[in-house]
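Lettering follows sequence order; numbering is per chain, from 1.
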Protein chains: 2
Amino acid sequence: MADLAKLAGVSKITISRALSDSPLVNVETRERLQELARKHGYKLNVSARNLRLRRSHTVAVIVEMKPSSGRTMWDPYPLSLLGGISQELTSAGYSVLLTTRQGAADASVQSADGLILLGQGVRQDAVRLYDKLGMPMVVWGAAGQGGDSHIVVGSDNRQGGISVAERFLSIGRRNPVFIGNPDHPEMAQRLFGFVDELADHGIKPLLLRRADFTLESGVDAVRSLHSRKVRFDAIFACSDLLAMGAIRALVELGLSVPNDVSVIGYDDTPLGASFLPPLSTVRQNWQEGGVLLARKVLALIHSQPVQSQMMATTLVVRST
Amino acid sequence: MADLAKLAGVSKITISRALSDSPLVNVETRERLQELARKHGYKLNVSARNLRLRRSHTVAVIVEMKPSSGRTMWDPYPLSLLGGISQELTSAGYSVLLTTRQGAADASVQSADGLILLGQGVRQDAVRLYDKLGMPMVVWGAAGQGGDSHIVVGSDNRQGGISVAERFLSIGRRNPVFIGNPDHPEMAQRLFGFVDELADHGIKPLLLRRADFTLESGVDAVRSLHSRKVRFDAIFACSDLLAMGAIRALVELGLSVPNDVSVIGYDDTPLGASFLPPLSTVRQNWQEGGVLLARKVLALIHSQPVQSQMMATTLVVRST
DNA sequence: GTGAAAGCGCTAACAT
DNA sequence: ATGTTAGCGCTTTCAC
């Protein structure tokens, strides 16, 4: 800036003002100086600005990246979430600092202006840990997770469960089964919605606990149902992969989907859509979730009032 | 630091040295000061340090995040790549700045110490654009892509193609088909390897161009082969999804896999492994790729000699 | 509408 | 082994 100032015959501060579009500086001068800066390939020193402004203009995103439990690492979802986050923060002039749990102790994370936690669903301890940092923080997950201490954005899992129950009821199913892991807060919400809605109609679903969200796990679940001679005519699986596994096992057992057993999955993955038969499922909008997460941290950072928010889910009825 | 210094009765610089584990300062003092800092919740101001040190300790990762062409956005791969990158950079004390193309013009990206380009495969213009920034840059992609102007890390797609050809030859296939998009540099390499190896045995495969890497696209490809009455006994599909679609279509046409037609996919997605029948495929190690990308930028940043590197792929023979 | 001065928090260079 | 000085590049006072 000093160099540009000398070149243009003005002072440093005028350059600074011109480049930040300050109305304090004459329009012509402003444009002249901006042109000059461009011509000379001037680049703002972000560290210097941040030092002076006492903020980093950075939001750290902490992702659970363990390739475990058939989730996170391998699922498409965190990336679309990241896409939404990145899009929104970038257009607000903020940077996205990507970290895993290991890197979260790093100074650069600590000096971020805000924090977004992704895929920490099962690990409430982690949430509490970051909470102590005392910085604006938003978590992706289930409603009510961790109390009021921080903002949560997620899709309305409870409503998702309800919509599946409604569907089963409307097509006259009386013996539904839930496959999933209720230890996971998001899944628990789906289960609660499912159970409550069915209870209103005097139906109590069977809960089949499965920790993995893999195809094999779905196959296994149905086989175990069969070997226990359980009577069932509908399955709500907590992931598309589980649902596809379930369908495969059903077909192998000579049962027809959806005639004998109706199956609904969760997530609306591209794969479920092109499965044979095309999978019915509950869709959540990851991209939008990312955008929302970003907006909430920004609001927190700017000390604006913020509330947790659950996004509506859509039941996509295809052929199962 | 000034506060800590006053508290401890030493000078600022001693604090600075103690906290950065400088051997210049007495071990006891060092530990005492570190303890003091911890107790008082001192946090290093990263901006100030970076300003002083005239570097940002940051590497920008630019991801092509368009949810197009059945790739990138929805595929698991960029995330595992990111996992590897993040892991390696973090442990080297660098931060990962995540951006999309839109955000790449941002000042914070420009003041990064290095650049990693992901999923820019098809868009060579993009690579050239960033090249102009003149910062240490590493690209994920195919060998030789864009000349010597920058470092490329990728899996050895050519070798991947060769290994598939070898497999087909070893089981006596004489009429192989390639399904994929040769406009994509990485796919082109697979095709070249495939074609060259087969040519050594007097076989010329049929090229079936498909732009999308979706299941439908695979189905469609096989149907078109059939309707054109083409004789074929082996398919090399450029993605697992394509391969699965192909197999589905083959089965529908009453052909047996692998008896009538052998099929090999690419990527070794978890889904292919649990497909029925389990999919044979070419595996590439994304995580390791990420680590490698990170190491190369770091080396470039530290002005060490760096070379492009292609990672070996593994042919995973399952049931197709 | 423009400028001068001051200082954000840190560390390299040079004393001591 | 520790301290002093100076300055990284920027922007917010306050003055003109």
Side-chain angles (χ1 to χ4, degrees), chain A residues 1-38 40-58 93-95 106-113 135 302, chain B residues 1-38 40-58 93-95 106-113 135 302:
Chain A
M1 275 192 181
D3 294 349
L4 286 178
K6 223 163 276 172
L7 267 159
V10 296
S11 74
K12 270 199 310 177
I13 188 62
T14 305
I15 301 283
S16 170
R17 290 205 258 251
L19 294 185
S20 59
D21 279 323
S22 161
L24 278 171
V25 59
N26 198 322
V27 191
E28 300 146 27
T29 340
R30 190 160 73 201
E31 279 168 3
R32 182 168 63 90
L33 296 180
Q34 286 178 356
E35 172 57 24
L36 190 75
R38 202 175 317 121
H40 288 264
Y42 166 80
K43 277 178 212 154
L44 177 77
N45 182 317
V46 181
S47 299
R49 178 178 43 115
N50 289 347
L51 173 58
R52 178 62 239 234
L53 263 29
R54 319 171 113 243
R55 49 138 188 64
S56 63
H57 257 203
T58 286
Y94 277 73
S95 301
D106 198 277
S108 57
V109 173
Q110 312 239 319
S111 60
D113 293 337
M135 42 170 89
H302 300 124
Chain B
M1 276 192 179
D3 294 349
L4 286 178
K6 221 164 277 172
L7 268 158
V10 296
S11 73
K12 271 199 309 175
I13 188 66
T14 305
I15 302 283
S16 170
R17 290 205 258 250
L19 295 186
S20 59
D21 280 323
S22 161
L24 277 171
V25 58
N26 197 321
V27 191
E28 300 148 26
T29 342
R30 191 160 72 201
E31 279 168 5
R32 182 168 64 89
L33 297 181
Q34 287 179 352
E35 173 57 24
L36 190 75
R38 202 175 317 119
H40 287 264
Y42 166 80
K43 277 179 212 152
L44 177 76
N45 182 318
V46 180
S47 300
R49 177 177 44 112
N50 289 347
L51 172 58
R52 178 64 239 239
L53 263 29
R54 314 168 118 245
R55 50 134 188 67
S56 62
H57 257 205
T58 286
Y94 277 72
S95 301
D106 198 278
S108 57
V109 174
Q110 312 239 320
S111 59
D113 293 336
M135 42 170 91
H302 301 124

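For the segment residues 26-33 of chain B, residues with any heavy atom less than 4.0 angstrom from an atom of DNA chain D are, sorted by number, B:Asn26, B:Thr29. Residues from residues 10-18 of chain B placing a heavy atom under 4.0 Å of any atom in DNA chain D, listed by number, are B:Val10, B:Ser11, B:Ile13, B:Thr14, B:Arg17.
A:Arg32 and A:Ala8 get closest at one heavy-atom pair: NH1-O, 3.8 Å. B:Ala48 and A:Leu51 get closest at one heavy-atom pair: CB-CD1, 3.7 Å. Closest non-hydrogen pair, B:Gln110 versus B:Asp106, comes out as CG-O, 3.0 Å. B:Leu44 approaches B:Arg49 most closely through the heavy-atom pair CD2-NE, 3.2 Å.
Residue A:Arg49 has no polar side-chain atom (N or O) positioned under 4.0 Å from OP1 or OP2 of D:dG9. At D:dG9, none of the side-chain N or O atoms of B:Arg52 fall inside 4.0 Å of OP1 or OP2 (strictly under the cut-off). Contact annotation: B:Tyr42 does not reach the phosphate of C:dG9 (side-chain N/O to OP1 or OP2, under 4.0 Å).
Map B:Pro23 and A:Leu53 each onto its nearest nucleotide of DNA chain D; the residue landing nearer the 5' end is B:Pro23.
Using bins of under 30°, 30° to 60° and over 60° for the plane-to-plane angle, the ring pair B:Tyr94/B:His302 lands in the perpendicular bin.
Note: CE (A:Met1) to P (C:dT2) measures 16 Å, nearest angstrom. Rounded to an integer number of Å, the gap from CG of A:Asn50 to P of D:dC8 is 18 Å. The separation between A:Lys6 atom NZ and C:dG3 atom P is 14 Å, rounded to whole Å. The interatomic distance linking A:Gln110 (CD) with C:dG9 (C1') rounds to 17 Å, in whole Å. Summarising the geometry, the separation between CZ on B:Arg54 and C1' on C:dA12 is reported as 12 Å, rounded to the nearest angstrom. In this entry the distance linking CG of B:Leu24 with P of C:dA13 reads 12 Å, nearest Å.
Looking at the side chain of B:Ala48, the nearest of the listed nucleotides C:dT11, C:dC8, C:dC10 is C:dC10. Here the nucleotide nearest the side chain of A:Asn45, chosen from D:dC10, C:dG9, C:dT2, is D:dC10.
Taken from CD in B:Gln34 to OG1 in B:Thr29, the straight-line distance is 10.5 Å, to the nearest 0.5 Å.
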Open item on the list: Using the rule given for side-chain contact (heavy atoms from CB on, under 4.5 Å), can you reason through A:Ile15 versus A:Tyr42, listing the C-alpha separation, both sets of side-chain angles and the distance that settles it, and then say yes or no?
Closed with: CA-CA 11 Å; A:Ile15 301 283; A:Tyr42 166 80; 5.9 Å; no

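In the displayed structure, A:Lys43 atom NZ is contacted under 6.0 Å by more than 12 heavy atoms of other residues, nucleotides or ligands.
The backbone N or O of B:Lys12 lies less than 3.5 Å from no partner atom in the side chain of B:Ser16, so there is not a single donor-acceptor pair.
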